[in-house]
Amino acid sequence: ADRIVSNPAKRTAVLTGPDVRISQGPNVLSGTNVRLEEAGQIAFVTGAGSLDFLTDKDLNGARLSKPRPIRITWTDSMDYAGTRNSAIFTGEVKLRSQTDQMDCRQMQVIFERAEPATRPAKSRPASTAPAKASAASTRPADRGPLAMAEYSSRRLSMILADGQVILQTRRADEQQH
(Lines give C-alpha, C1' and ligand atoms only; values in the text may rest on other atoms or scores of the structure.)
Protein backbone atom coordinates (compact mmCIF):
# COMPACT_ATOMS: atom_id res chain seq x y z
CA ALA A 1 0.00 0.00 0.00
CA ASP A 2 1.13 3.53 -0.68
CA ARG A 3 -0.94 4.87 2.19
CA ILE A 4 -2.44 3.42 5.37
CA VAL A 5 -4.85 5.40 7.54
CA SER A 6 -5.64 3.53 10.74
CA ASN A 7 -7.71 4.17 13.82
CA PRO A 8 -6.28 2.00 16.62
CA ALA A 9 -9.13 2.89 18.98
CA LYS A 10 -11.76 1.63 16.51
CA ARG A 11 -9.44 -1.11 15.13
CA THR A 12 -9.96 0.03 11.52
CA ALA A 13 -7.63 0.71 8.62
CA VAL A 14 -7.92 1.99 5.05
CA LEU A 15 -5.13 0.98 2.67
CA THR A 16 -4.79 2.73 -0.68
CA GLY A 17 -2.45 2.57 -3.64
CA PRO A 18 -2.11 0.90 -7.02
CA ASP A 19 -1.11 -2.48 -5.51
CA VAL A 20 -2.64 -3.02 -2.05
CA ARG A 21 -2.06 -6.66 -1.06
CA ILE A 22 -3.09 -8.27 2.20
CA SER A 23 -1.76 -11.80 2.70
CA GLN A 24 -2.62 -14.39 5.31
CA GLY A 25 -1.21 -17.83 4.53
CA PRO A 26 -2.38 -18.82 1.04
CA ASN A 27 -5.10 -16.13 1.05
CA VAL A 28 -4.37 -12.86 -0.76
CA LEU A 29 -6.74 -9.90 -1.08
CA SER A 30 -5.73 -7.26 -3.65
CA GLY A 31 -7.20 -3.93 -4.71
CA THR A 32 -6.53 -0.21 -4.78
CA ASN A 33 -8.75 0.84 -1.85
CA VAL A 34 -9.22 -1.66 0.99
CA ARG A 35 -11.07 -0.91 4.23
CA LEU A 36 -10.67 -3.29 7.21
CA GLU A 37 -12.79 -3.27 10.37
CA GLU A 38 -12.02 -5.74 13.12
CA ALA A 39 -15.41 -5.42 14.88
CA GLY A 40 -17.42 -7.04 12.08
CA GLN A 41 -14.44 -8.88 10.60
CA ILE A 42 -15.02 -6.67 7.55
CA ALA A 43 -12.89 -6.26 4.46
CA PHE A 44 -14.36 -3.94 1.81
CA VAL A 45 -12.67 -3.23 -1.52
CA THR A 46 -13.85 -0.25 -3.55
CA GLY A 47 -13.14 -0.76 -7.25
CA ALA A 48 -11.48 -3.67 -9.01
CA GLY A 49 -9.62 -6.34 -7.11
CA SER A 50 -8.94 -10.02 -6.57
CA LEU A 51 -9.13 -12.66 -3.88
CA ASP A 52 -6.99 -15.81 -3.98
CA PHE A 53 -7.64 -18.71 -1.59
CA LEU A 54 -7.55 -22.50 -1.35
CA THR A 55 -10.66 -24.68 -1.29
CA ASP A 56 -11.18 -28.35 -0.54
CA LYS A 57 -14.48 -28.45 -2.51
CA ASP A 58 -15.24 -28.12 -6.21
CA LEU A 59 -18.07 -25.90 -7.52
CA ASN A 60 -20.49 -28.83 -7.16
CA GLY A 61 -19.67 -29.11 -3.45
CA ALA A 62 -17.76 -32.38 -3.79
CA ARG A 63 -14.68 -32.81 -1.57
CA LEU A 64 -11.35 -32.65 -3.37
CA SER A 65 -8.46 -35.00 -2.62
CA LYS A 66 -6.20 -31.97 -2.07
CA PRO A 67 -6.92 -28.23 -1.78
CA ARG A 68 -7.17 -26.32 -5.05
CA PRO A 69 -6.48 -22.61 -5.59
CA ILE A 70 -9.34 -20.31 -6.55
CA ARG A 71 -9.07 -16.74 -7.82
CA ILE A 72 -12.04 -14.37 -7.87
CA THR A 73 -11.71 -11.01 -9.64
CA TRP A 74 -14.25 -8.19 -9.85
CA THR A 75 -14.55 -4.70 -11.30
CA ASP A 76 -16.83 -2.80 -8.87
CA SER A 77 -16.49 -3.94 -5.24
CA MET A 78 -16.03 -6.75 -2.75
CA ASP A 79 -17.73 -6.78 0.65
CA TYR A 80 -16.58 -9.48 3.08
CA ALA A 81 -18.11 -9.81 6.54
CA GLY A 82 -16.87 -12.59 8.77
CA THR A 83 -19.86 -12.14 11.06
CA ARG A 84 -22.15 -13.23 8.20
CA ASN A 85 -19.58 -15.70 6.79
CA SER A 86 -19.88 -14.34 3.27
CA ALA A 87 -18.36 -12.13 0.62
CA ILE A 88 -20.30 -10.29 -2.08
CA PHE A 89 -18.49 -9.45 -5.33
CA THR A 90 -20.00 -7.01 -7.86
CA GLY A 91 -19.15 -5.88 -11.36
CA GLU A 92 -17.65 -8.22 -13.92
CA VAL A 93 -17.03 -11.11 -11.52
CA LYS A 94 -14.82 -13.99 -12.63
CA LEU A 95 -14.04 -17.12 -10.60
CA ARG A 96 -11.22 -19.35 -11.85
CA SER A 97 -9.82 -22.66 -10.61
CA GLN A 98 -7.96 -25.52 -12.27
CA THR A 99 -11.18 -27.15 -13.47
CA ASP A 100 -13.92 -24.53 -13.08
CA GLN A 101 -14.70 -21.04 -14.21
CA MET A 102 -17.71 -18.86 -13.59
CA ASP A 103 -18.53 -15.38 -14.87
CA CYS A 104 -21.43 -13.24 -13.62
CA ARG A 105 -22.43 -9.73 -12.56
CA GLN A 106 -22.75 -10.50 -8.83
CA MET A 107 -21.49 -13.39 -6.74
CA GLN A 108 -21.97 -14.24 -3.10
CA VAL A 109 -19.57 -16.75 -1.58
CA ILE A 110 -20.71 -18.36 1.66
CA PHE A 111 -18.00 -19.65 3.99
CA GLU A 112 -18.00 -21.99 6.95
CA ARG A 113 -15.52 -21.96 9.79
CA ALA A 114 -12.58 -24.29 9.24
CA GLU A 115 -11.76 -26.76 11.95
CA PRO A 116 -8.37 -26.03 13.57
CA ALA A 117 -6.82 -29.12 11.98
CA THR A 118 -7.72 -27.88 8.48
CA ARG A 119 -6.68 -24.27 8.84
CA PRO A 120 -4.00 -23.11 6.43
CA ALA A 121 -0.50 -22.39 7.66
CA LYS A 122 -0.22 -19.05 9.40
CA SER A 123 2.86 -17.99 7.48
CA ARG A 124 4.19 -18.54 4.00
CA PRO A 125 7.74 -19.52 3.11
CA ALA A 126 10.05 -16.55 2.63
CA SER A 127 10.51 -17.38 -1.06
CA THR A 128 6.80 -16.80 -1.79
CA ALA A 129 6.21 -13.76 0.42
CA PRO A 130 4.99 -10.67 -1.43
CA ALA A 131 7.67 -8.11 -2.22
CA LYS A 132 5.73 -5.33 -0.50
CA ALA A 133 5.06 -5.46 3.22
CA SER A 134 1.57 -6.62 4.10
CA ALA A 135 -0.58 -5.01 6.76
CA ALA A 136 0.02 -8.00 9.05
CA SER A 137 3.82 -7.97 8.81
CA THR A 138 4.46 -5.96 11.95
CA ARG A 139 2.28 -7.94 14.37
CA PRO A 140 2.25 -11.54 15.58
CA ALA A 141 1.11 -13.93 12.83
CA ASP A 142 -1.65 -15.42 14.96
CA ARG A 143 -3.48 -12.10 15.32
CA GLY A 144 -2.22 -9.39 12.98
CA PRO A 145 -3.15 -5.73 13.28
CA LEU A 146 -6.86 -6.43 12.68
CA ALA A 147 -7.11 -10.11 13.63
CA MET A 148 -6.30 -11.13 10.05
CA ALA A 149 -6.32 -14.81 11.06
CA GLU A 150 -10.10 -14.47 11.33
CA TYR A 151 -10.29 -13.72 7.60
CA SER A 152 -8.41 -16.94 6.80
CA SER A 153 -10.13 -19.43 9.08
CA ARG A 154 -13.02 -20.18 6.74
CA ARG A 155 -13.73 -22.75 4.02
CA LEU A 156 -15.87 -22.40 0.93
CA SER A 157 -19.41 -23.64 1.56
CA MET A 158 -21.62 -22.27 -1.26
CA ILE A 159 -21.55 -19.92 -4.25
CA LEU A 160 -24.57 -17.91 -5.41
CA ALA A 161 -24.23 -16.20 -8.79
CA ASP A 162 -26.60 -13.73 -10.48
CA GLY A 163 -26.68 -11.83 -13.75
CA GLN A 164 -25.44 -13.31 -17.03
CA VAL A 165 -24.02 -16.39 -15.32
CA ILE A 166 -21.69 -18.59 -17.34
CA LEU A 167 -20.32 -21.74 -15.70
CA GLN A 168 -17.76 -24.04 -17.30
CA THR A 169 -16.43 -27.17 -15.64
CA ARG A 170 -13.82 -29.54 -17.04
CA ARG A 171 -13.23 -33.04 -15.78
CA ALA A 172 -9.74 -33.70 -14.45
CA ASP A 173 -9.01 -36.24 -17.22
CA GLU A 174 -9.87 -33.63 -19.90
CA GLN A 175 -7.09 -31.34 -18.63
CA GLN A 176 -4.33 -33.84 -19.33
CA HIS A 177 -4.94 -33.83 -23.12
Side-chain angles (χ1 to χ4, degrees), residues 1-2 12-114 118 120 130 134-135 146-148 150-175 177:
D2 288 345
T12 63
V14 177
L15 297 84
T16 56
D19 187 27
V20 174
R21 290 175 45 96
I22 300 171
S23 301
Q24 178 69 34
N27 306 314
V28 179
L29 176 63
S30 300
T32 58
N33 185 323
V34 179
R35 179 172 44 94
L36 303 172
E37 297 178 14
E38 184 177 9
Q41 298 171 8
I42 292 171
F44 187 84
V45 178
T46 302
S50 65
L51 175 65
D52 296 289
F53 61 96
L54 295 177
T55 184
D56 59 359
K57 293 182 181 178
D58 66 15
L59 291 187
N60 295 317
R63 289 259 183 228
L64 299 168
S65 60
K66 63 179 184 174
R68 185 176 293 164
I70 285 188
R71 169 170 267 227
I72 300 174
T73 61
W74 62 89
T75 58
D76 293 350
S77 66
M78 189 276 312
D79 181 4
Y80 170 86
T83 55
R84 70 171 188 255
N85 287 322
S86 74
I88 299 171
F89 307 88
T90 59
E92 294 178 30
V93 181
K94 298 179 184 299
L95 178 148
R96 300 292 185 264
S97 76
Q98 294 167 332
T99 58
D100 305 303
Q101 62 182 47
M102 181 184 295
D103 297 347
C104 60
R105 294 293 304 152
Q106 182 174 25
M107 178 182 295
Q108 181 175 10
V109 177
I110 310 292
F111 296 96
E112 60 189 24
R113 281 228 177 252
T118 62
S134 70
L146 293 167
M148 288 304 297
E150 292 297 319
Y151 295 93
S152 299
S153 63
R154 290 170 173 71
R155 295 188 334 212
L156 179 65
S157 175
M158 182 186 315
I159 298 173
L160 306 169
D162 192 29
Q164 302 173 334
V165 179
I166 299 171
L167 172 62
Q168 295 179 330
T169 300
R170 295 183 312 272
R171 292 187 347 215
D173 59 350
E174 290 175 348
Q175 291 182 18
H177 297 292

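None of these values were measured; they are calculated from a predicted model.
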K.L.:
Report the distance from atom OG1 of Thr55 to atom CG of Leu95, rounding to the nearest 0.5 Å.
P.N.:
9.5 Å
K.L.:
For a quick test of reading the model, state the closest non-hydrogen atom pair linking Cys104 to Val165 and the distance between them.
P.N.:
CB-CG2, 3.9 Å
K.L.:
Is Gln108 atom CD crowded by more than 12 heavy atoms from other residues, nucleotides or ligands, each under 6.0 Å away?
P.N.:
yes
K.L.:
Working to the nearest 0.5 Å, report the span between CG of Leu29 and CG of Leu15.
P.N.:
9.5 Å
K.L.:
Quick check for you: to the nearest 0.5 Å, what is the distance between Leu51 atom CG and Ile22 atom CD1?
P.N.:
10.5 Å
K.L.:
For Asp52, check side chain to side chain donor-acceptor pair (under 3.5 Å) against everything at least two apart and list the hits.
P.N.:
Arg71
K.L.:
Return the minimal non-hydrogen interatomic distance between Asp2 and Gly17, and the atom names on each side.
P.N.:
OD2-CA, 3.9 Å
K.L.:
A side-chain contact here means heavy atoms from C-beta on lying under 4.5 Å apart; do Met78 and Val109 qualify?
P.N.:
no
K.L.:
Of the non-hydrogen atoms in Glu112 and Ser157, which two are nearest, and what is the gap between them?
P.N.:
OE1-OG, 3.7 Å
K.L.:
Please check: side-chain N/O of Trp74 versus main-chain N/O of Arg105, any donor-acceptor pairing under 3.5 Å?
P.N.:
no
K.L.:
Ignoring hydrogens, what is the shortest heavy-atom contact between Phe53 and Leu156? Give both atom names and the distance.
P.N.:
CE1-CB, 4.4 Å
K.L.:
Hey, mind stepping through Gln164 and Asp103 against side chain to side chain contact (heavy atoms under 4.5 Å, CB included) and telling me if it holds?
P.N.:
CA-CA 8 Å; Gln164 302 173 334; Asp103 297 347; over 6 Å; no
K.L.:
Evaluate the criterion side chain to side chain contact (heavy atoms under 4.5 Å, CB included) for residue pair Met102 and Lys94; output intermediate values, then yes/no.
P.N.:
CA-CA 6 Å; Met102 181 184 295; Lys94 298 179 184 299; over 6 Å; no
K.L.:
Can you find a pair of side-chain heavy atoms, one from Thr46 and one from Ser77, that are under 4.5 Å apart?
P.N.:
no
K.L.:
Regarding Asn33 and Thr16, do their side chains bring together a donor and an acceptor under 3.5 Å, going by distance alone?
P.N.:
no
K.L.:
With rounding to the nearest 0.5 Å, note down the distance linking OG1 in Thr75 to CD in Glu92.
P.N.:
5.0 Å
K.L.:
Counting C-beta onward and ignoring hydrogens, is there a side-chain heavy-atom pair between Arg35 and Thr12 closer than 4.5 Å?
P.N.:
no
K.L.:
At their closest point, which heavy atom of Phe111 faces which heavy atom of Ser86, and how far apart are they?
P.N.:
CD1-CA, 4.1 Å
K.L.:
Give a yes or no answer on whether the side chain of Thr90 reaches the backbone of Asp76 with a donor-acceptor pair at less than 3.5 Å.
P.N.:
no
K.L.:
How long is the gap from CG on Leu54 to OG on Ser97, to the nearest 0.5 Å?
P.N.:
11.5 Å
K.L.:
Find out whether Tyr80 and Val45 are in side-chain contact, i.e. whether some heavy atom of one side chain is under 4.5 Å from a heavy atom of the other.
P.N.:
no
K.L.:
As an exercise, state the distance from CG of Leu64 to OG1 of Thr99, rounded to the nearest 0.5 Å.
P.N.:
7.0 Å
K.L.:
Identify the two heavy atoms, one from Ser50 and one from Thr73, that lie closest to each other, and give their separation to 0.1 Å.
P.N.:
CB-CG2, 3.8 Å
